[in-house]
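All values below were derived from every heavy atom in this structure, side-chain atoms included, with hydrogens, water molecules and symmetry-related copies excluded. In each ligand, atom 1 is the first atom listed, and ligand 1 is the first ligand listed. In this chain, residues are counted from 1 in sequence order.
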Amino acid sequence: MLYSLFVGRDIDWATRRAAQLRRKIEHHNYQYHVLNDPEIGDQEYDRLFRELVALEEEYPELASLDSPSRRVGAEPQERFHKVKHHAPMLSLANAFDDEELRAFNKRITHLLNREEVDFVAELKIDGVAVALTYEEGVLTRGATRGNGQVGEDITTNLKTIRGIPLKLREVEARPPVMEVRGEVYLPVSAFDRINQERTATGESPFANPRNATAGALRQLDSRITASRPLAFFAYSVGYLEGMKLETQLQVLKRLKDWGIPVNAHYHHQQTIDGVIDFCLHWQGERESLDYQIDGIVVKVNRLDYQDQLGVVSRDPRWAVSYKFPSELATTRLVEIGLNVGRSGVLNPYAVLEPVQVGGVTIRTATLHNEDDIRRKDIREGDLVVVKRAGDVIPQVVGAVREKRTGKEKEFRYPKKCPVCRKAVRRRAGEAMAYCTNRHCPAQELEALKHFVSQGAMDIRGLGPQTLEKLLELNRIKDASGLYQLTRKDLAQLPNFKDKSIENLLASLEQSKSQPFERLLFALGIHHVGERIAGLIVDHFGDIDSLTRASEEDLASIEGIGPEIAGSAYAYLNERVNQLLIQRLRTAGLQVSRGKKEATGNQNLEKKTFVITGKLPIWTRPQAAEFIKQNGGKVISSISSKTDFVVVGESPGSKIKKARALKVQEISEEELKKLVN
Ligand code: IVH
């Protein structure tokens, strides 16, 4: 389709256009990955990207090694070649408490014969260390740490990571040769999503984001690496030719200027007391980050001091890694329980003797699936090691087999559902077992919880207990029943007062205008996640065409395989589901793509919005949806191109920036007035 753009164009035009596209893409990469301040949305970015790829395919002579189009990955390699680092990649000595940090400070001040030394404290990103070589500003090599001297050449894989610039920005003189060190990581949100997808498709989940990152970087087929949203933070320059930098602070600033992402949370500290405060601060705040950190790296700021202090064996004397308290603990696994999920999936979990892990008491931990339990040979009564990694659900790592008494019990999956006692089935090739009863009360409740959840219909004020109560009182049988609820019904619920009733009714009303793909996702069809629901709606447009579709029609959609198609088809052709959809439709929910656009006028066209704080009536996704329906654009961070910032209660740091940039502030109320 894009080729038609190039008809009648000559190579001179194509050369100019390719250069322009590369410049634009690089600019937007920088805005997004380095400055954390995107100016355009994903779609617009993808458009630029796809045009460049198409152009380079049409005119192969335009392809260049540093073109951003290289990021899609290349033909599989047979193996990775070994490469020697320009200078050894060191490891770090650890400090486990403030005493050890003070001892570190004492050692250094003594060796340097000074009263005080200033430090830079940085987050220690829990990812995979890599070294990037830039020659004349162009990324020519990327390698793993390996044994510190020799690593593996994973250049092709690293080039797929959008945050790693293929070319340095030309703001400062660029060194003839430079080796940058840093950490590749997978954001926690992406990790959770990938694991959800993997469990849904029967693949075993990754143990943690670092393993997922390492796995992605080890791929011989870089197209697989490209499919994982890996990111990068640089933290040092291992080797530099032709110029000299004075301090670690300068290193970090210069890297950023060259267009290389640097974590923003580093801090210059004049004393070790400041360093200790910083460490304790992040120990408490680590969960607020979308990447995992396992400590703080404390570095002597002045590079000449670093040289003077030197290296003992493999650890530099000028740096130390403050490790957060261990997040592993050992406890007794009392029994293995099963949760019935919304699709009937039986999720095994460990009931533990309560244990403290990283300052939090843990009573249960996930066990993934039957095969995982068997592989790790975990038995009821075992002493087990549990792990809490960041904000990920605690996991059972394994059993302490030496401590077995012989009384431990191997776990067998039951033949009957623990809730409704109907048959359990595990299909050949699937990792999970399912309760086969569509009307299992546990499934009904889970289905409702999913239906009202934020990513689905986003109905506020309907917690699990309320839903359970409504089912119990027979006020609702399924999701369509929610739209029949009256003030009187709600008044019977515990803790429901006038205000909460009004809010809930308003939220239900609002949810009716959620786009069709949200509704499709909210139905909870096995294998149909948000992305798949979007693909289906894009293809069929409305519920009538969708229900008429054959299994083959569904499978013909790009991105939808036979398993998903089979599952969606089966769902749509079951009588109970058809009736449910019918009732939802009658209640006024959106069942076509077209309708959504028709509801809004286009008064907000070309206007860009940022939303911050808690709004009085809408959730942020609802407000965003409203803006989009009326032709506006919603972006996540303020720039000079933002037209309005919609401000709610306790707005975040965005408001400061908005004021600095004199972006117009409006309330939810005023937003609605803009449209009408
Ligand atoms: S400095 C000698 N800074 O932690 C200097 N390392 O044991 C060594 N890491 O494998 C590296 N975040 O990959 C440094 N801000 C940071 C870091 C960091 C993570 C990793 C690094 C290395 C390990 C050090």
Side-chain angles (χ1 to χ4, degrees), residues 85-96 100-101 104 107-108 119-132 142-152 154 158 161 163-164 179-188 208-211 213-214 217 230-240 245 247-256 260-269 275 278-279 281-283 286 289-303 305-324 389-390:
H85 299 303
H86 290 95
M89 286 180 82
L90 304 171
S91 54
L92 283 177
N94 291 323
F96 291 97
E100 293 185 9
L101 285 170
F104 163 74
R107 247 180 349 257
I108 285 170
F119 300 99
V120 177
E122 298 169 20
L123 303 189
K124 184 164 187 290
I125 313 295
D126 194 8
V128 175
V130 298
L132 308 173
T144 60
R145 179 177 186 279
N147 64 10
Q149 308 283 339
V150 175
E152 282 181 321
I154 53 163
L158 290 172
I161 300 174
I164 295 182
E179 195 180 277
V180 176
R181 272 93 191 261
E183 206 81 356
V184 175
Y185 67 95
L186 183 68
V188 174
N208 54 49
R210 180 165 30 80
N211 282 1
T213 306
L217 289 181
L230 298 175
F232 177 73
F233 284 131
Y235 51 68
S236 75
V237 170
Y239 175 82
L240 184 64
L245 299 171
T247 62
Q248 170 67 4
L249 273 183
Q250 216 181 44
V251 168
L252 296 176
K253 292 210 174 93
R254 192 61 65 88
L255 286 170
K256 186 173 167 186
I260 303 176
V262 167
N263 185 277
H265 301 298
Y266 63 85
H267 213 285
H268 186 202
Q269 302 287 355
V275 168
F278 184 86
C279 290
H281 169 79
W282 282 106
Q283 191 164 305
R286 57 195 293 209
L289 302 166
D290 193 28
Y291 41 84
Q292 295 198 327
I293 59 174
D294 55 350
I296 301 294
V297 183
V298 184
K299 303 174 183 175
V300 168
N301 185 30
R302 277 176 58 165
L303 302 186
Y305 286 173
Q306 292 191 1
D307 285 342
Q308 271 184 51
L309 289 163
V311 175
V312 259
S313 75
R314 286 164 70 176
D315 300 338
R317 271 207 208 87
W318 47 266
V320 72
S321 154
Y322 171 78
K323 284 285 186 150
F324 294 139

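- Residue-level proximity to ligand 1 for K124 is carried by backbone and side chain together, each with a heavy atom below 4.0 angstrom.
- Taking distance alone, with nitrogen or oxygen atoms compared against 3.5 Å, E122 approaches ligand 1 more closely than that limit.
- Ligand 1 has no N or O atom lying under 3.5 Å from any N or O atom of S91, backbone or side chain.
- Distance from atom 12 (N) of ligand 1 to its nearest protein heavy atom, with residue and atom name: I125 N, 3.1 Å.
- A cation-pi arrangement is not found for R107 relative to F104, the charged atom failing to lie both closer than 6.0 Å to the ring centre and inside a 45° cone about the ring normal.
- Side-chain contact, Y322 with Q283: a donor N or O sits under 3.5 Å from an acceptor N or O.
- Residues Y185 and F232 keep their aromatic ring centres 6.0 Å or farther apart.
- The side chain of V297, and not its backbone, has at least one atom closer than 4.0 Å to an atom of ligand 1 (non-hydrogen atoms only; side chain from C-beta on).
- Comparing Y235, Y266, F233 against atom 6 (N) of ligand 1, the shortest heavy-atom distance belongs to Y235.
- Residue-level proximity to ligand 1 for L123 is carried by the backbone, the only part with a heavy atom below 4.0 angstrom.
- Using a non-hydrogen distance threshold of 4.0 Å, P316 registers as a contact of ligand 1.
- Distance from atom 13 (O) of ligand 1 to its nearest protein heavy atom, with residue and atom name: E183 OE1, 2.4 Å.
- Rounded to the nearest 0.5 Å, atoms OG1 (T247) and NZ (K299) are 12.0 Å apart.
- For the atom pair SG of C279 and NZ of K323, the computed distance is 12.5 Å after rounding to the nearest 0.5 Å.
- No donor-acceptor pair under 3.5 Å is formed between the side chain of R145 and the backbone N or O of V130.
- Taking 4.0 Å as the cut-off between side-chain N and carboxylate O, R181 and E179 count as a salt-bridged pair.
- Under a 4.0 Å heavy-atom criterion, K299 is in contact with ligand 1.
- Distance check, rounded to the nearest 0.5 Å: CD1 of I125 to CG of D294 gives 9.0 Å.
- In this structure, L245 CG and Q250 CD are separated by 5.0 Å, a value rounded to the nearest 0.5 Å.
- Of the protein's non-hydrogen atoms, A129 CB, 3.8 Å is the one closest to atom 10 (O) of ligand 1.
- For D315, the closest heavy-atom approach to ligand 1 does not fall below 4.0 Å.
- Residue contacts with ligand 1: W318 is placed with no nitrogen or oxygen under 3.5 Å of a nitrogen or oxygen of the ligand (distance criterion only).
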